[in-house]
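Presented below is the structure to which this report refers.
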Amino acid sequence: MATIVRTRFAPSPTGFMHIGNARTALFAYLYARHCRGRFILRIEDTDQERLVDGAEAAIYRDLKWLGLEWDEGPDVGGPVGPYRCSERYHLYEDHIKRIRKNARVYRCFCSPGQLDQDRKLLSSQNKVIKYVGRCLSISEADSESRAKTDKFVWRMHVPESGESIAIQDKIRGEVKMTPDIIGDFIISRSTGIPVFLFANAVDDAVMEITHVTRGEDHLSNTFRQVLIFRALGYPEPVFAHLPMIGDTDGGKFSKRAGSLSIENLKDEGFIAEGIINYMALLGWSPGDTSETGEKFSKEELVDRFDLDRVHKSRALFDYNKLRFLNQTHLQNRSPEDLAKLVPPSNPKWSGIWKDAVALIQHDISTLNEIHKIESFLEQPDFDSSPMAADVLRTDQNRKIISQGLVSIKEKISSGSSIEEALKDGIKKVGKDLSVKGKELYFPFRMALTGKDAGPELNPLAKLIGSEAVVARLERAVEFGSQTH
RNA sequence: GACCCCUUCGUCUAGCCCGGUCCAGGACACCAGGUUUUCAUCCUGGUAACAGGGGUUCAAAUCCCCUAGGGGUCGCCA
C-alpha cells in the first residue's frame with residue numbers, strides 16, 4: 001500500500017488570517033495537490049480563553065476565497081474526525097493515559113507564580129531556563145493523595161543524559177538538540193485540557209499526517225513533540241519548517257499584520273490569483289524563470305511546487321511585487337468579468353460599464369482602481385484644477401481646441417463616427433497650425449478629461465459619445481477665454 | 001542569557017548538494033530610450049548583490065572554521 005501524502009493546515013481561531021498563515025496553508029495545499037494527496041483542515045481551539053467570535057468562520061471564508069479547498073475538515077467531515085480539537089478531548093485523555101504507561105510522566109503541583117520565580121532566578125544566573133524538577137521526586141502515593149485536593153498539571157520527564165534528539169526537516173535537513181536543555185514540559189493543564197504541544201502531536205499522529213508544514217517558530221518545540229511521538233509509539237512525520245515572512249519596514253511582521261490580512265487585501269482590490277501567485281513566490285522558487293516568467297496560475301503552481309525548493313531564510317513582504325503580480329492576473333480577466341465584480345458607483349453607467357472597464361483594465365493593479373474610470377465619464381471640472389487653467393488658457397491651446405472643434409463638428413455632421421471625427425479633427429488642426437505630438441494632443445486631453453493622464457482618447461470619445469465630446473470641448477474653450 | 005535556524009542586487013530569488021561554463025542570471029522597484037501623435041499599457045536597455053575574516057585548492061558564491069548581524073524558542077499561547 002503506497003502511503004498517500006497527507007498535509008494539514010491547523011490554525012487557531014484567535015484572529016484574522018494574515019498573509020503568513022495563508023502562505024503556510026498554501027504550501028500545505030500545494031504540496032498535497034502536487035503529490036495527489038489529501039489536504040486537511042483542523043481547527044485548533046484548545047485555548048478557550050483566546051477564542052475570537054467569528055474567527056473560525058473567517059478561516060473558512062478566506063481559504064475558500066483563495067481557492068484552497070480542503071478534503072477533510074470540521075465542516076465537511078472525514079475518516080479521522082472530528083476536526084475541531086475541542087471535540088477531541090476524549091482522545092487526548094486516552095493518550096495521556098497511554099503516555100503515562102510508556103514514559104516518565106508525573107504530576108506537578110507548582111503554582112504559576114512559583115514557576116515564574118524559578119525562571120527569573122535561572123535567568124539572573126545566566127542558566128538554561130527550564131523546569132527545575134521540584135515535583136519529579138514526589139512519590140506516586142503522595143502524588144495520588146495530593147491530587148485529591150491540589151491542582152496539578154502533567155509533565156513529561158526528559159532525561160538530561162540522553163542522546164541528542166534529531167528531527168528530519170524537509171527544508172533544513174537534520175536538526176539536532178541535546179536533551180539536557182529541554183526540560184520537563186507540561187502536556188496537560190490543571191483544567192485537564194492538553195496543551196498545544198501535546199494535542200497537536202496526537203492529532204497529527206492520529207490523523208496520519210505525513211508532512212507537517214508550519215512556520216519556523218515551531219522548530220524548537222518540535223523536539224518535544226518528537227519525544228511525544230516516540231513515547232506514544234507513533235511514526236514521526238516529515239517536518240517542513242517554513243521560513244517566516246517579515247515586514248518591508250524591517251519591523252516585526254505582526255505590527256502590520258492587520259493590514260496584511262487576507263480580508264484586508266481583498267478589500268483593497270487584490271484578487272485570489274494575484275495573492276496566490278505572490279505568496280507562492282515568498283519563500284519558494286520554481287527555479288529558473290527567465291523562460292517562463294513569474295506569472296503562475298494555481299494549477300501551474302500545483303504542477304511545479306515542491307518542498308525541496310522552499311527557502312531557508314525569511315522573506316520580506318513586498319507590496320510592489322504583489323501589486324505587479326495582481327495586475328498581470330487582472331489583465332487576464334475578461335472585461336465582462338471585471339465589470340460584474342466591480343459594479344459602477346452610479347447605476348447610470350451600467351450600459352457602458354463593460355466598455356469603460358475595458359478602457360482601463362490594463363492600467364490597474366487592483367480591482368478598486370477600476371473606479372478611476374468614473375471620473376472620465378463625467379464632464380471635467382476645470383475650476384478646481386490649476387493645471388487645466390494653465391493648459392487651457394494659453395492662446396495657442398485655445399486656438400488649437402477651437403479650430404479642432406470646428407473640424408470635429410464638420411466631420412460629425414458629414415456622418416463620421418465620433419472616433420473618426422476626433423481623430424481626423426485633431427490631425428487637421430495639427431497640419432493647419434503645424435503642431436504635433438504632445439503639443440497637439442495634450443490640450444485635447446486636458447479639454448476632454450481635465451487630467452494629464454488617463455485612457456486613450458479615441459475609445460474614450462466613443463464611450464461618452466459625440467454630444468459629450470462636443471460639449472466638453474465647447475466648455476473648455478469657454479473656460480479658456482474667461483480671464484482673457 | 002542558553003539553545004536552534006538563517007545570511008546572493010533596495011526587495012523576491014537562480015546558482016550552492018556534484019568547486020571552474022558566474023568580472024554572478026531572472027523578476028519587482030528605480031532610471032533612460034522606443035512604440036502609442038500626452039500619461040498609462042507594451043518593448044528595449046541601464047544602475048545594483050555573493051555579510052566579514054581565515055583556511056583547503058591550480059581554481060570558491062559554491063567545501064571547512066571563526067566572527068558579526070538577523071530571526072526563532074525557552075508559557076498551565078498556538
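As the structure is a computational prediction, the values presented were derived from the model and not from experiment. Worth knowing before you read on, the calculation uses all heavy atoms, side chains too, and leaves out hydrogens, waters and symmetry mates. To find a chain, count down the sequence lines: A is the first, B the second, and so on, and within it residues start at 1.
Taking atom P in both A61(B) and G55(B), the straight-line distance is 15 Å, to the nearest Å. Rounded to a whole angstrom, the distance from the C1' atom of G52(B) to that of G69(B) is 10 Å. Atom P of C31(B) sits at a distance of 14 Å from the matching atom of C39(B), rounded to the whole Å.
Within the shown strands, nothing qualifies as a pairing partner of C23(B) under the Watson-Crick or G-U definition with both distances less than 3.5 Å. Across all strands shown, G46(B) is found opposite C30(B) as a Watson-Crick or G-U wobble partner, with both distances under 3.5 Å. A61(B) is unpaired under the Watson-Crick or G-U wobble criterion, no partner having all donor-acceptor distances under 3.5 Å. Here A2(B) sits opposite U73(B) as a Watson-Crick or G-U wobble pair (both hydrogen-bonding atom distances under 3.5 Å).
Along RNA chain B, the nucleotide closest to Arg155(A) and the one closest to Gly454(A) are compared, and the more 5′ of them pairs with Gly454(A). Each of Lys312(A) and Lys427(A) lies near RNA chain B, and the nucleotide nearest Lys312(A) is the one positioned closer to the 5' end.
Lys427(A) and Glu420(A) are not joined by a salt bridge, as no carboxylate oxygen comes within less than 4.0 angstrom of a charged side-chain nitrogen. Here Lys312(A) does not pair with Glu216(A) in a salt bridge; the nearest charged N to carboxylate O distance is not below 4.0 Å. A salt bridge links Lys130(A) with Glu160(A): the closest approach of a Lys/Arg side-chain nitrogen to an acidic carboxylate oxygen falls below 4.0 angstrom.
Closest to the side chain of Leu440(A), out of U37(B), U41(B), U8(B), is U37(B). Distance from the side chain of Thr289(A) is smallest for G26(B) among the nucleotides G26(B), U41(B), A14(B). Ranking G72(B), C39(B), G75(B) by closeness to the Glu456(A) side chain, first place goes to C39(B). With C12(B), C6(B), A78(B) as the choices, the nucleotide that has an atom nearest any side-chain atom of Arg189(A) turns out to be A78(B).
Looking at Lys130(A), its side chain has no donor and acceptor atom pair within 3.5 Å of the base of A2(B). Counting distance only, with no hydrogens placed and no angle test, the side-chain atoms of Arg314(A) and the base atoms of C6(B) include no donor-acceptor pair under 3.5 Å. Counting distance only, with no hydrogens placed and no angle test, the side-chain atoms of Glu294(A) and the base atoms of G26(B) include a donor-acceptor pair under 3.5 Å. Scanning atom types as modelled, one donor and one acceptor separated by under 3.5 angstrom connect the side chain of Asn221(A) and the base of A78(B). If you check distances only, the side chain of Ser220(A) never reaches the base of C3(B) with a donor-acceptor pair under 3.5 Å.
Residues Lys151(A) and Phe109(A) form no side-chain contact, since every pair of their non-hydrogen atoms from C-beta on lies 4.5 Å or further apart.
By the 6.0 Å and 45° rule, Arg155(A) does not stack over the aromatic ring of Tyr106(A).
When heavy atoms are screened at a 4.0 angstrom cut-off, His241(A) is found touching no nucleic acid atom at all. Within 4.0 Å (heavy atoms only), Ile181(A) reaches sugar-phosphate atoms of the nucleic acid but no base atom.
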